[in-house]
Amino acid sequence: MIFPFSTNGKKIFASLKRNFMTFPKINYENFKSLISEQEIDEFQPEMDRVCLMLEKGTGPGNEFLGWLRLPSSTEDDILCDLEKTAREIQNSAQVFICIGIGGSYLGSKAAIDFVLPNFYNQQANRPGPEIYFAGHNISSDYMADLLDLIADKDVCLNVISKSGTTTEPAIAFRLLKEAMEKRYGAEGARDRIYATTDRAKGALKKLADQEGYKTFVIPDDVGGRFSVLTPVGLLPIAVAGLDIRGLLDGAKNAESIYSGASSIRENPTCLYAVLRHLLYSKGKSIEIMASFQPALGSLMEWWKQLAGESEGKNQGGIFPASVQYTTDLHSLGQWVQEGNRIVFETFLIVESSNREVKVPKFEDDLDGLNYLAGKPLDFVNEKAYEGVALAHREGETPNMTLRIEDRSPYTLGRLFYFFERGVALTGYLMGINPFDQPGVEFYKKNMFALLNKPGYGKGNGS
Ligand code: PA5
């Protein structure tokens, strides 16, 4: 369907036909015993309805739809400022610490781990600073170890909080600010601290203004878990030396090919949402995202927050989990193969590695591995994936595969947008507001009362 409000519908439709099923490539052959093609097609009218809600902004949570147009609307001035600031940080810091929790750190960590080499922080010829994250826990040991690590290194901080009032990053920032001020003095520390927060409100905004920190703005209409393509994600990603324009170009490509059309057969975001919804309605209440590359571990953490906070409402929703294969085949693999049949699996496969490594040949063949001699590890990994997908299908864990080309910023930009749209559509199919997170407040109220925070009643904290 082409939406009536699409300004250049015909043009978009032509490009859809060419591009749609190319990213990501979705194979759901291993769902076939559970879901028929007819069932998928019967969802088309419902999909038309929820796509219209999203595009026209008539659904619940419509005040948080800024992410939909972020790729095409981010101004060049902002990008230039981010790149300039990133260069400043690269030139003055041996260590860069990104302080934030939830949507305020998972996206940048996902991007940095996805694109950069494994063991980046340990690389001798690393082009930029070592990168660490803080403020996503309240662990005394984690913080003390981090403070030790930076004791004799030049440091820059980026403190990120949309509300500006979140406890975990506020505590981490207080400790790191104190360490910076001891080291550089108040003036010197000020030039090494960057704040990303709301345009006008919150304690962090007030503090940043008072201290004179350089500040980047999180748009009002973009929620935390949808904010990776705002300065929340873009500044740390640029500091890591990644091409933020390439990342946004990928997202822009996704925005242009996914927006304005709702055909399940042509739009992978619609197909992904319908498949998930159908599986959920058949009792598959856990989605396990599985990758065969350690570099995708943090991306799966980002996806878990995106899906979990968006869809876990009204005592329902798919529980998002993740595994890293083949590592977890030797731990959780048994459960996925033969445990409770309430799971489905989504394999996220990168088609080409950055570097090729082949199995060497040993004359004595004592380990019996010569049958693999000369074979690239990618070949072995692909066969492992094929074997797992088949075994799990036979074990009644239905699985689909999303294939992406590579670990480039461009591909990642497309993927971020794909998941954001896919999760938003699933939420609307489920009849919930995918853009709020009221449940997150409950633990805070108890914790604050137990800590005797003013205004939260008397707890029994000491
Ligand atoms: O998606 C969300 O809105 C949340 O996960 C937030 O990102 C998280 O709670 C951190 O909030 P803040 O950026 O306000 O510190």
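For ligands, and for the atoms within them, numbers begin at 1 and follow the listed sequence.
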Sub-4.0 Å atoms of ligand 1 with respect to non-hydrogen atoms of [X]:
X: S163; value: 12 (P), 14 (O), 15 (O)
X: Q437; value: 3 (O)
X: T166; value: 11 (O), 12 (P), 14 (O), 15 (O)

Option from Q293, R403, M289 for which side chain to side chain contact (heavy atoms under 4.5 Å, CB included) with L348 holds
M289
Under the side chain to side chain contact (heavy atoms under 4.5 Å, CB included) test against L234, which residue among I78, L242, L79 passes?
L79
Closest protein heavy atom (residue, atom, distance) for [atom]:
atom: atom 7 (O) of ligand 1; value: G103 N, 2.9 Å
atom: atom 2 (C) of ligand 1; value: E309 OE1, 3.3 Å
atom: atom 3 (O) of ligand 1; value: G224 N, 3.5 Å

For ligand 1, is Q305 a contact, meaning one of its heavy atoms is under 4.0 Å away?
yes
Examine ligand 1 and decide if any of its atoms is less than 4.0 Å from a heavy atom belonging to I101.
yes
Is there a polar contact between ligand 1 and G164, counting only N or O atoms under 3.5 Å apart?
no
Indicate whether atom 9 (O) of ligand 1 is within a distance of less than 4.0 angstrom of some protein heavy atom.
no
With a 4.0 Å cut-off, would you call [X] and [Y] a salt bridge?
X: R183; Y: E178; value: no
X: R192; Y: E187; value: no
X: R245; Y: D249; value: no

Test of ring centre spacing under 6.0 Å for Y132 and F96
no
Could you tell me if the ring centre of Y194 sits under 6.0 Å from that of F216?
no
